[in-house]
Number of protein chains: 2
Amino acid sequence: MPDPTNPTPDPSAATALTLEQAKAQFIHLWGATSASWGINRTMAQMHALLLVSAEALSTEDLMTQLQISRGNASMTVRELLDWGLVYKALKPGERREYFVAEKDMLQVTRCIIRERKRRELDAMKRSLDQLAALPGDPTEPGYREFHRVLGDIQQLADSADTVLTGVMKAEKTWLIDKLLRMFT
Amino acid sequence: MPDPTNPTPDPSAATALTLEQAKAQFIHLWGATSASWGINRTMAQMHALLLVSAEALSTEDLMTQLQISRGNASMTVRELLDWGLVYKALKPGERREYFVAEKDMLQVTRCIIRERKRRELDAMKRSLDQLAALPGDPTEPGYREFHRVLGDIQQLADSADTVLTGVMKAEKTWLIDKLLRMFT
DNA sequence: CACAAGTTTCAATAATTATTGAAACTTGTG
DNA sequence: CACAAGTTTCAATAATTATTGAAACTTGTG
């Protein structure tokens, strides 16, 4: 929806980006960053698009703006809903579903920590506990050494768990305050 | 090298895992976990293998124990050296290179944070700064909103940077102490 | 309950990423 | 400096992961 009250670009800003261009760059950047994070590109791009969109978007809008198929758009928006990063926004009198992003970045961080902790850290802890509990032969040479490594890793995982759980529960000001005071 | 002083399995521990089996399970677990972490499976498995090996291993050993090609073994061990997770251990009078893992898990954590921060967080911060600095047209509707989102993300990235840098520098006892006291 | 509007599923396919293995290279030694 | 032992590179290929798009399904409405 280009604003008709501002149709001609300001000549003094010939090299200035339109908002649309800047948003496109942001979407691209967010998508690229996500790759190293184990989150897939489409999901990250869709999140970025919704983050910088003032209005709620429909599946149709997501498809056309990101140039992806209907199936992909549907699956990905569902996943964002699962993560809690995006909400449904039903428009009165409309059949179609619209979506808006959670814009509070601390809240976004919490959602991401919660999901990734659940999928990765918790899963790893379960496997480690299971492995450590298996009966072994303590007289084998190297048995103690192996269990020491295992124990160290478990301890590390527990610390990470405690810290992440704390971050999730913490209040914004308190958190930033404490952490920054601690390390700066 | 199976210990010849302990050739027959203890019958009372018929279901006990041999150390070798337990190690194999750990290697498998570590490899699977890494997948969700953007680290590749072979690298994680090799790291796990070296972590639980009492002696230094050669490229040859890595190849046969992990069932991977020479090329893969060579590339991957180089990458582990780059990350600082593994050291060369030259045996006197031997041409062949041997490798041992850093076994102090806090040190391991530091290496991983350092590398991932460099590749991911620092890269993202650079892109964000660049995007925020681009000239735009402040009269466009939505301009302020867009830059607010950008600013929020930058602030978050800065906080993460500060915290991670702190963790890397911190002493073990101090760190565990502080963090755990803070959140428990 | 038939229809239209919209959504989801999933097998086929495309895109990406990891691995192989043979050839080229390096390095220490007689 | 020729050779042997070992290492690295990289084009070809395999394995994995993401995406498409058409068919099946769902849901609200006259």
Side-chain angles (χ1 to χ4, degrees), chain A residues 27-28 30-50 56-83 86-100 115-116 119-120, chain B residues 27-28 30-50 56-83 86-100 115-116 119-120:
Chain A
I27 290 165
H28 182 265
W30 208 235
T33 300
S34 74
S36 43
W37 260 74
I39 286 169
N40 92 16
R41 217 177 73 259
T42 302
M43 183 169 159
Q45 288 186 337
M46 189 179 284
H47 184 219
L49 171 57
L50 286 165
L57 301 181
S58 67
T59 306
E60 205 75 32
D61 296 331
L62 295 171
M63 281 171 62
T64 53
Q65 295 205 39
L66 296 175
Q67 304 258 62
I68 58 175
S69 70
R70 183 173 302 283
N72 194 359
S74 169
M75 306 262 283
T76 303
V77 82
R78 251 5 88 175
E79 211 174 340
L80 285 170
L81 287 167
D82 277 354
W83 280 60
V86 159
Y87 308 117
K88 279 190 193 176
L90 295 173
K91 293 197 180 180
E94 281 234 46
R95 176 76 168 282
R96 188 176 289 200
E97 293 182 316
Y98 287 80
F99 306 95
V100 284
E115 278 307 303
R116 293 185 64 96
R119 291 168 194 226
E120 292 156 34
Chain B
I27 290 166
H28 181 265
W30 207 237
T33 301
S34 75
S36 44
W37 260 76
I39 285 170
N40 92 16
R41 217 177 74 260
T42 302
M43 184 169 159
Q45 289 187 337
M46 190 179 285
H47 184 218
L49 171 57
L50 286 165
L57 301 181
S58 66
T59 305
E60 206 73 32
D61 297 331
L62 296 171
M63 281 171 62
T64 53
Q65 296 207 38
L66 297 175
Q67 303 260 59
I68 57 176
S69 70
R70 182 173 302 283
N72 194 359
S74 169
M75 305 262 285
T76 303
V77 82
R78 255 358 93 175
E79 212 173 339
L80 285 170
L81 287 167
D82 277 355
W83 281 60
V86 159
Y87 308 117
K88 279 190 194 175
L90 294 173
K91 294 198 179 179
E94 280 234 47
R95 176 76 169 280
R96 189 176 288 198
E97 294 181 314
Y98 288 80
F99 306 95
V100 284
E115 277 308 301
R116 292 185 65 97
R119 290 167 195 225
E120 293 155 35

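Computed from heavy atoms alone, side chains included, the values below leave out hydrogens, waters and symmetry copies.
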Answer for the Watson-Crick or wobble partner of D:dT29, both distances under 3.5 Å, is C:dA2

Hunt down the Watson-Crick or G-U wobble partner of C:dA22, both distances under 3.5 Å, from any strand shown, or write none.
D:dT9

Reckon B:Arg78 touches a base, only the sugar-phosphate, or nothing at all at heavy-atom distances under 4.0 Å?
sugar-phosphate

Would you classify A:Glu60 as touching base, sugar-phosphate or nothing, given that sugar-phosphate means primed atoms plus P, OP1 and OP2, and contacts are heavy atoms under 4.0 Å?
nothing

Nearest to the [X] side chain among [options], which nucleotide is it?
{"X": "A:Glu97", "options": "D:dT19, D:dT8, C:dT7", "result": "C:dT7"}
{"X": "A:Arg70", "options": "C:dG6, C:dG21, C:dT8", "result": "C:dT8"}
{"X": "A:Asn40", "options": "D:dT7, C:dT20, D:dT19", "result": "D:dT19"}
{"X": "B:Met75", "options": "D:dT9, C:dT7, C:dT19", "result": "D:dT9"}

Output the rounded distance in Å from [atom1] ([X]) to [atom2] ([N]).
{"X": "B:Lys91", "N": "D:dG6", "atom1": "NZ", "atom2": "P", "result": "13 Å"}
{"X": "A:Leu62", "N": "D:dT19", "atom1": "CG", "atom2": "C1'", "result": "16 Å"}
{"X": "B:Glu79", "N": "C:dT17", "atom1": "CD", "atom2": "C1'", "result": "13 Å"}
{"X": "A:Leu66", "N": "D:dT20", "atom1": "CG", "atom2": "P", "result": "10 Å"}
{"X": "B:Lys88", "N": "D:dG6", "atom1": "NZ", "atom2": "P", "result": "15 Å"}
{"X": "A:Met63", "N": "C:dT7", "atom1": "CE", "atom2": "C1'", "result": "12 Å"}
{"X": "B:Arg96", "N": "C:dT26", "atom1": "CZ", "atom2": "C1'", "result": "16 Å"}
{"X": "A:Phe99", "N": "C:dG6", "atom1": "CZ", "atom2": "C1'", "result": "11 Å"}

For B:Met75, does the CE atom sit with more than 12 other heavy atoms under 6.0 Å from it, leaving out its own atoms?
no

Counting only N and O atoms by type, is there a donor-acceptor contact under 3.5 Å from the side chain of [X] to the main-chain atoms of [Y]?
{"X": "A:Ser34", "Y": "A:Trp37", "result": "no"}
{"X": "B:Arg41", "Y": "B:His28", "result": "no"}
{"X": "A:Ser58", "Y": "A:Asp61", "result": "yes"}
{"X": "B:Thr76", "Y": "B:Ala73", "result": "no"}

Specify the residue among B:Gln67 and A:Tyr98 whose closest nucleotide of DNA chain C lies further upstream toward the 5′ end.
A:Tyr98

On DNA chain C, more 5' by nearest nucleotide between A:Ser74 and A:Arg41 is A:Ser74

Just N and O in the side chain of [X]: are any of them under 4.0 Å from OP1 or OP2 of [N]?
{"X": "B:Arg95", "N": "D:dA5", "value": "no"}
{"X": "A:Thr59", "N": "C:dG6", "value": "no"}
{"X": "A:Asn72", "N": "C:dT8", "value": "no"}

What I want to find out is whether B:Glu97 reaches B:Lys91 closely enough, with some N-O distance under 4.0 Å, to be called a salt bridge.
no

